[in-house]
Amino acid sequence: TSEKKYKDLMINLSHDVRTPLASMLGHLELLTESINEFSSNTLSTSLEVINRKALELTDFVEMLFQWTKLDANEEKFSFSSYDINEQSRMLIGKWISIFDKNNIKYSFHIPEKEYHCTIDPTAYQRILDNLFKNILNHSHATQMHFSVTQSGSYVHLLIEDNGIGIKPEDQNLVFERLYQCDLSRHSKGNGLGLAIVKELVQKMNGTITLESIPHIYTRFLISFPLQST
């Protein structure tokens, strides 16, 4: 039932908050009690763990905040005509160094031609950020590809990786907000990222579909109406 799914989600969300907090508090307690006894290497390691867990917690809280606003229909959008190719180039720029740092080979195909769509640029950024984070945090991929194409009256965005993939029985469920996937691809998350992506895509009159063959590829295909000229 929906009530049981909601309760299960709350339990999982609580776990996602408590786990990094417990790790951070444990290291802080050790540092407080025995800081003079630690070697510089041990001290550096503990501080690195605290910093990493703090970033994970910050990311999670931001995701939960986004999801809550969307769920309550309190998100404010500013729709206007934008060149989806130019927007994509600007957003991808910051991800190149991140993919390099994580040893993920990447390829991008973005036409020079302008494809104008009615979007909210902030929402579009969150869509790409969440999909790229999904690759980075959950896919165990070594390669990713992003492309923009045009067909008829639609613009199509393809985001593909060669990671562990998603089983067929899970593919129709990964966008549901109250669904918890048991695959290791989602072990670090709670499904909110992809649920937010779908919601934002739909707010801009778009569609998103998923195709995956486990351990071969996962493809997200987003389509937006092309603005008539």
Side-chain angles (χ1 to χ4, degrees), residues 12 16 52 55-56 59-60 62-63 66-67 84-113 115 117 123-151 154-177 179-202 204 206-224:
N12 286 321
D16 288 342
R52 186 173 69 250
L55 290 174
E56 288 178 10
D59 187 63
F60 169 77
E62 175 60 27
M63 197 77 72
Q66 291 180 17
W67 173 72
I84 204 79
N85 290 330
E86 182 61 23
Q87 291 294 310
S88 299
R89 278 189 285 269
M90 289 190 300
L91 297 174
I92 284 169
K94 73 171 186 178
W95 279 95
I96 290 178
S97 61
I98 298 174
F99 287 133
D100 281 335
K101 183 179 178 181
N102 288 272
N103 298 314
I104 297 177
K105 295 181 180 180
Y106 50 83
S107 61
F108 302 106
H109 176 72
I110 303 174
E112 291 299 323
K113 183 178 179 180
Y115 295 154
C117 299
Y124 183 62
Q125 176 180 345
R126 284 160 60 188
I127 289 170
L128 291 193
D129 282 351
N130 284 355
L131 288 171
F132 290 159
K133 284 179 184 178
N134 192 61
I135 294 174
L136 194 68
N137 296 331
H138 310 305
S139 72
H140 303 288
T142 58
Q143 299 178 29
M144 69 80 59
H145 173 71
F146 174 87
S147 65
V148 183
T149 57
Q150 182 258 328
S151 176
Y154 285 88
V155 174
H156 306 290
L157 313 174
L158 175 69
I159 299 94
E160 179 178 332
D161 69 70
N162 67 340
I164 61 176
I166 301 170
K167 293 185 294 186
E169 59 266 33
D170 290 315
Q171 291 178 21
N172 291 328
L173 301 170
V174 294
F175 294 113
E176 293 188 11
R177 294 183 182 186
Y179 179 71
Q180 280 285 327
C181 182
D182 62 359
L183 289 179
S184 59
R185 180 185 181 94
H186 299 278
S187 60
K188 293 182 183 178
N190 39 65
L192 293 178
L194 294 181
I196 289 171
V197 165
K198 182 177 181 180
E199 185 83 10
L200 293 175
V201 168
Q202 290 178 337
M204 295 186 283
T207 61
I208 181 167
T209 57
L210 164 70
E211 179 184 346
S212 182
I213 299 178
H215 302 288
I216 297 180
Y217 68 81
T218 295
R219 295 172 183 153
F220 289 96
L221 181 65
I222 299 173
S223 298
F224 289 121

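Just so you know, residue 1 is the first one in the sequence shown, and it goes up from there.
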Exercise for the section: State, yes or no, whether a side-chain contact exists between L128 and V197 at a heavy-atom distance under 4.5 Å. Expected result: no
Handout entry: Results of ring-ring contact (aromatic ring centres under 6.0 Å, His included) for F132 - residues two or more places apart only
Key = W95, F99
Practice task
Working to the nearest 0.5 Å, report the span between CG of L158 and CG of L221.
Solution key: 6.5 Å
Problem - Residue pairs involving residues 123-136 (criterion salt bridge (charged side-chain N to carboxylate O under 4.0 Å, His left out); sequence neighbours excluded) - result: D59-K133, E75-R126, K94-D129
Practice task
For Q125 and L91, indicate whether the former's side chain and the latter's backbone hold a donor-acceptor pair under 3.5 Å.
Solution key: no
Exercise for the section: For Q171 and L210, work out which heavy atoms get closest and say how close. Expected result: O-CD2, 3.6 Å
Problem - Side-chain donor or acceptor of N134 paired with backbone N/O of N130 under 3.5 Å - result: no
Handout entry: From CZ (F108) to CD1 (I96), nearest 0.5 Å
Key = 5.5 Å
Practice task
Please report the shortest heavy-atom distance between C117 and V155, naming the atom on each side.
Solution key: SG-CG2, 3.8 Å
Exercise for the section: Measure the shortest side-chain to side-chain distance between L194 and F220 over non-hydrogen atoms and say whether it is less than 4.5 angstrom. Expected result: yes
Handout entry: Point-to-point distance, once rounded to the nearest 0.5 Å, from CG of L131 to CG of L157
Key = 9.5 Å
Exercise for the section: First locate atom CZ of F146, then atom CD1 of I135, and finally report the distance between them rounded to the nearest 0.5 Å. Expected result: 10.5 Å
Problem - Contacts of Y154 that satisfy ring-ring contact (aromatic ring centres under 6.0 Å, His included) - sequence neighbours left out - result: none
Handout entry: Value rounded to 0.5 Å, distance of OG1 in T218 from CG in D161
Key = 5.0 Å
Handout entry: Exercise: do T149 and H156 side chains pair donor with acceptor under 3.5 Å
Key = no
Completion exercise
dist Y124:OH -> I84:CD1 (nearest 0.5 Å) comes out at 4.0 Å
Practice task
Measure from the side-chain N and O atoms of E160 to the backbone N and O of Y217, and report whether any donor-acceptor pair falls under 3.5 Å.
Solution key: no
